[in-house]
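Accompanying notes for the structure given below.
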Amino acid sequence: MPDPAMTPLITLDNVGLCYRPQRTIFSRTKKEIWALRGLNLQIYEGEKLGIIGRNGCGKSTLMRVLAGIYGIDEGKMLFSRPNVHVELLSLGVGFEGNLTGEENAILNGMLMGKSRGHMLERIDKIREFSGLGDFFDYPVYTYSSGMNLRLGFSVAMETDPDVLLIDEVLGVGDEVFAAKSEAAIKEKFSSNRTVVLISHDAETIKRMCGRAIWLEKGQILAEGDPGEVAEKYHTGAHQYKI
Amino acid sequence: MWVSTLKRYAGIVFYRTLAGIKSEGRQNYLGYLWFLLEPMLSTLVLYIAFSQITGKGGPEYVVFLILGMITWQWFESSCMLGATAIKAKYGVLTQFNLPKYIFPIVSIMVNTWKFLCVFVVILVTAAVFGYTPNFHYVYLPGLMLLQLLLIIGVTLPLTIGATLMNDLLTVVSSIFRLLFFMSGIFFDASLVPENLKSLFYANPMAVFIESYRAVVIHNQPPQMSHLAEAGLVSMAFLALGMILHAYYDKKILKLTNA
């Protein structure tokens, strides 16, 4: 449990976010879908926070709010200091098929908030870690989906955000790379970096996180020790419908 | 801090543009050669069409038409590509915290690169027909920059509008079609009736097309008063675009059905 005297790095105060799907004059879908509503959450510097919840509970929306991709419609989100770099771990999103692994690695790193220089300095490490060999110089369209993940993961490991948001990806790729990538993620967890991990698997949260919350319908139902939260989630999750 | 952030965005635009050009170059067997071959082909097609079909013929009319066509095409295809860029990159934009104007501007810049290649081919063609490079070519970079400003200005609000409401694209392509016939691509501005001249020149594209022709064909400087007006219209669009992007940047992905 975090020390109550500690100031949180990120504070969400009564946060609400709603989607307003487009309608046509002939069909009427729901006007507003509140993915988060009345959410209060503190994220402390260096903590490993697990977020557990069923599909559609608002986990991914919350991640995008934290990453600054979605603006909130209600409440406040405060950072304890300016320029906190929050990054969502995403694998292979935004790759250009006709460009080589190396070119994509640099471009992808730039999308994640790093300069070209930062990526160029680390390109050899990325090549090494990805284990793609000669394929690193081939266009990405020649890659298998597993190789795509390898490249994406290797890039993400070199972007060093202040807060790393992970959505269900721990070990990726084949057996060899899965072990390697899980080890790399664990290293991120053991460093003093702030990590937020989303999962619908309570075991992962228990194993990796120091604190956990159970999210349901955009609100927190339980908060605290991962073991206890996971227990509540196991016994209580069935009574809720999407 | 915002300076370094802006620098990073400029870097993304620059290297994404390079990547887009490379990516297009690698799609075909002839690769980068197509950046010159394609404009040569389309110039040839336009030449054949216009020199034979229109009774006027003659090298002047061909160069006159081609200049109008490519200038217009740069404008229209950039705006239309840029308009759909947010939707096209929806998957990327929901993963990375990026301003939404980045990908529209990248589409514009890739298209601008192609325009520059075309323009070189056109200048060579013009020279072959006897319109050799002249001193007034110094106006060309400025003209292109001003037109680029217009293209970005029109695209920024358009991309927000088209992302919020797909229907807008259909309406806008009709408006573009109308402007296509009203920008003096097929006729000279001197044919416009006196009482309609101010309306004709209110369209920045008409001004730009006339300006390129003045420089390349007539060896004259462009009409500065008209260009100033076109610049003002571009700035107005740009301002509208910036306001819309500031307002919708964090909202638009929640409001679209991409």
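Since the structure is predicted, the reported quantities are computational estimates derived from the model, not experimental observations. Here is how names work: the chains are called A, B, and so on, in the same order as the sequence lines, proteins then strands, and each is numbered from 1.
Rounding to the nearest 0.5 angstrom, the gap separating the CG atom in A:Leu91 from the CD atom in B:Gln95 is 9.0 Å. Taking CG of B:Asn97 as the start and CD of A:Glu87 as the end, the distance is 8.0 Å to the nearest 0.5 Å. Taking NZ from B:Lys22 and CG from A:Asn98, the interatomic distance works out to 12.0 Å, rounded to the nearest 0.5 Å. Between atom CD1 of residue A:Ile69 and atom OG1 of residue B:Thr94 there is a gap of 6.5 Å, rounded to the nearest 0.5 Å. Atom CD1 of residue B:Ile102 and atom CG of residue A:Leu111 lie 8.0 Å apart, to the nearest 0.5 angstrom. Atom-to-atom distance recorded for B:Lys7:NZ and A:Arg116:CZ is 14.0 Å, nearest 0.5 angstrom.
At a 4.5 Å heavy-atom cutoff, A:Ile106 makes no contact with chain B through either its backbone or its side chain. For chain A, the nearby part of B:Leu98 is the side chain; its heavy atoms alone come within less than 4.5 Å. Contact annotation for B:Ile252: neither backbone nor side-chain heavy atoms come within less than 4.5 Å of a heavy atom of chain A.
Looking only at heavy-atom pairs under 4.5 Å with chain B, the residue among A:Gly113, A:Gly94, A:Ala67, A:Ser115 that has the most is A:Gly113.
With hydrogens and angles disregarded, no donor-acceptor distance shorter than 3.5 Å links the side chain of B:Lys251 to the backbone of A:Gly71. The main-chain N or O of A:Met110 is found under 3.5 Å from a side-chain atom of B:Arg8 such that the two form a donor-acceptor pair.
Residues A:Asn108 and B:Phe96 come closest through the heavy atom pair ND2-CZ, 4.2 Å. Residues A:Leu99 and B:Ser23 share a closest heavy-atom pair of CD2-N, 4.2 Å. Of all non-hydrogen atoms in B:Ala19 and A:Leu107, the two that sit nearest each other are CB-CD1, 3.5 Å.
Counting non-hydrogen atoms of neighbouring residues, nucleotides and ligands closer than 6.0 angstrom, the OH atom of A:Tyr138 reaches no more than 12 such neighbours. For CZ of A:Phe136, the number of neighbouring non-hydrogen atoms (other residues, nucleotides, ligands) closer than 6.0 Å is greater than 12. No more than 12 heavy-atom neighbours from other residues, nucleotides or ligands sit within 6.0 angstrom of CD on A:Glu187. Heavy atoms from other residues, nucleotides or ligands lying under 6.0 Å from OH of B:Tyr32 number more than 12. In B:Trp113, the CH2 atom is not crowded: 12 or fewer heavy atoms of neighbouring residues, nucleotides or ligands sit closer than 6.0 Å. Applying the 6.0 Å contact sphere to OH of B:Tyr137 captures more than 12 heavy atoms from other residues, nucleotides or ligands.
At a threshold of 4.5 Å between non-hydrogen side-chain atoms, the residues A:Arg64 and B:Leu253 do not count as touching.
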